[in-house]
Each structure stands twice: as C-alpha cells, then as structure tokens.
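Note on naming: letters A, B, ... go to the chains in the order of the sequence lines (proteins, then strands), and numbering restarts at 1 for each one.
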Amino acid sequence: MNLTRTDAGLTLTRTLNAPRERVWRAWTDAEQMKKWFSPPGFTTPHADVDLRIGGAYRIVMRAPDGVDNVAVGMFRVIEPPARLAYTWNWEDPASNVGDTLVTIELRDAGARTELVLIHERLPGKEAVDLHADGWVGCISSLESHLA
Amino acid sequence: MRPTPQPRGEAPAAEKSTKWLSNRLLILNQMAKSELDVLDACFAALADPTRRRIVERLERGPATVGELAEPFAISLPAVSKHIRVLEDAGMVDRRREGRVHRCRLRPHPLREAAAWVSRHKRFWDAQLDSLEAFLADHPEDSE
C-alpha cells in the first residue's frame, strides 16, 4: 500500500521535446486537442473549449469499440505558458467522480518542456475553497450578480 | 445521457497500453456518493505530512498514541488531533486498552485511494504518450 504523492492526489512528470509555448497551444487549442487528447487507440471526435476562467470544456473520447466517454469541466487557472488548471468529471451521471482538479505546470527547459500533471480530488463541500485564483474571481462575480 | 455505442467497424489492433482501457475509461463501477466522500476524506487526511507519517508508522503495525507521537516535535494533544482527523476519515481505529489508546490502520480507505491513484496514473500516462507522439508528428501548429 505504498502511495506516492498522496499529498495532492497524484503527480506525473514528463519531459516533452517541444518548447512550452508549443505544448501550451497543443493543450488549449480544440483542433489540436482532437488529435491527441484521448489515449492511444481512442479518437476525439469532438472538443469544445471555452478558454477563459469559468469557461467550460467538453471532450468526447471514443473507445476502439465506439463507446463514448465525455469529459467535462471548467477552467480555473489560465496562465500561459506556465500553468493551466481545470476541473474534471465525466458527463455521464453514472460515472460521476465528483469534481476533481487537473493542474498542468509547464517548466521551461529550453527547447524542451518539463510537464507536471497533478490530479487532485476536491472535497465536495469545500469545492469553492480551493487554490485557484480564478475560482475566487468566479465567486466574486457570482456575488455581484446576487447583490 | 448514457453513451450510445456506435456501429462496430474495423477496430484498430489494441495496443498494449489500451488493453485495460477497453470501452469505459477509468471504470469506477459507479461509485456511490458515500464512497466518493470516503475518497475525499482520505485524500484530505493524507494532505498533511504529519498524518502521512502516522499512516506509514501504522502500516508497520498498531501503535499507542504515545508511540505515534514520539518522532514529532509537536505536543501529544496535537498528535491526538491528527489521529482524530484520520479516525474521522475512517482510516484509523483508536481503542482504549487498559491505560493506553492503541491505534490501528483500517485498510479500506487507503486501498480505495491507492486504486484511484493507480487507475488515474495509467490514464494520464496514456494521454501523455499520445501528446508526445502528437508533438513529434506536429512540431509546428499547422497540419
């Protein structure tokens, strides 16, 4: 039962052979995401991306046998080319995993990029109380609507 | 909105990395809200380094509160508070045995958390493999 990086959920690091501006664009442009966002063997027939704080995304990942898995969420942090964070859940209520947070950090390594992916669970009742500055922005604009 | 299966065409040969992914990504057997709460409580409990060390110690066997507090510079009541968080997360059992309180690890939440990490790690690894291949084939943005 040896858990690695359980302080945040899980963390992966990968060195990519591209500068971070290139990686950033691959990760945020819907047309490019359709070419790689699903794991190998899957296709991504649809990718809707509203790249702004509080903007939504919807990505359809189609398995080799044709079954669709649709990931949905909202952007919380957008700091090109260094940091991107978005909530992550499945659209199908039967697959609901609660709101989780995916953070991508891109570190400059010259012609290469060190990518750190962090996937954390968000405790349900404290979903509003967490890291991203963007979320604070969302809440305060909500408050002004209610005022 | 349930996913609707598309008509079967010629499927590409399944790569080794996708054998486990099959038709449902991250199959979770429809985790109930209460099970997700357990997962959340477990991760929140493990977010603290003192509590992680307490869990590591209990993985080696039961211990009294005093034994658990030994390695730390913080006070016994402070350690007891950490143990309380772990108890509330269902991860630790604390029982009075004579004059001492003995703590035991309850394995279920940690197993669920470890399974969550392992499943998602495989998924993200596969996705990053895909990104690497894409960047190799498309060094510039345009097709």
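For A:Arg22 (side chain) and B:His138 (main-chain N/O), a donor-acceptor pair under 3.5 Å exists by modelled atom type. Judged by distance alone, the side chain of A:Arg121 and the main-chain N or O of B:Ala41 form no donor-acceptor pair under 3.5 Å.
Residues A:Met33 and A:Val102 share a hydrophobic cluster, clusters being chains of Ile/Leu/Val/Met/Phe/Trp/Tyr side chains in contact below 4.5 Å. Side-chain heavy atoms closer than 4.5 Å link hydrophobic residues (I, L, V, M, F, W, Y) into clusters, and following such links, possibly through other members, connects B:Leu76 to B:Leu86. Grouping the Ile, Leu, Val, Met, Phe, Trp and Tyr side chains by contacts below 4.5 angstrom, directly or via other members, places B:Val65 with B:Met91. B:Val38 and B:Val85 fall into different hydrophobic clusters, defined by Ile, Leu, Val, Met, Phe, Trp and Tyr side-chain heavy atoms under 4.5 Å apart, directly or through other members. Side-chain heavy atoms closer than 4.5 Å link hydrophobic residues (I, L, V, M, F, W, Y) into clusters, and following such links, possibly through other members, connects A:Leu84 to A:Leu106.
Surrounding CZ of B:Arg102 are more than 12 heavy atoms belonging to other residues, nucleotides or ligands, all under 6.0 Å away. Open room surrounds CZ on B:Arg84; 12 or fewer heavy atoms of other groups in view lie less than 6.0 Å from it.
Of the listed residues (A:Val70, A:Leu117, A:Asp29), the one with the most heavy-atom contacts under 4.5 Å to chain B is A:Leu117.
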Side chain to side chain contact (heavy atoms under 4.5 Å, CB included) evaluation trace for B:Lys121 with A:His119: CA-CA 9 Å; B:Lys121 185 173 187 311; A:His119 190 186; over 6 Å; no
Run the side chain to side chain contact (heavy atoms under 4.5 Å, CB included) check on B:Glu132 and A:Asn17 step by step: do they pass? CA-CA 8 Å; B:Glu132 279 197 50; A:Asn17 282 321; 5.8 Å; no
Checking side chain to side chain contact (heavy atoms under 4.5 Å, CB included) for the pair B:Leu135/A:Trp36: CA distance, chi angles, key distance, verdict? CA-CA 9 Å; B:Leu135 290 171; A:Trp36 69 268; over 6 Å; no
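The distance from atom CZ of A:Arg14 to atom CG of B:Asp129, rounded to the nearest 0.5 Å, is 4.5 Å. Note that CZ of B:Phe134 is 12.5 Å distant from NZ of A:Lys34, once rounded to the nearest 0.5 Å. Residue B:Phe43 holds its CZ atom at 7.5 Å from CG of A:Leu10, rounded to the nearest 0.5 Å. How far CZ of A:Arg25 is from CD of B:Glu140: 8.0 Å, rounded to the nearest 0.5 Å.
Just one residue in the list A:Leu16, A:Thr13, A:Leu115 forms a side-chain contact (heavy atoms from CB on, under 4.5 Å) with B:Leu128, and that residue is A:Leu115.
Interface residue B:Asp125: backbone and side-chain heavy atoms are both found under 4.5 Å from chain A.
Looking only at side-chain heavy atoms (C-beta outward), B:Ser130 and A:Pro40 come within less than 4.5 Å of each other.
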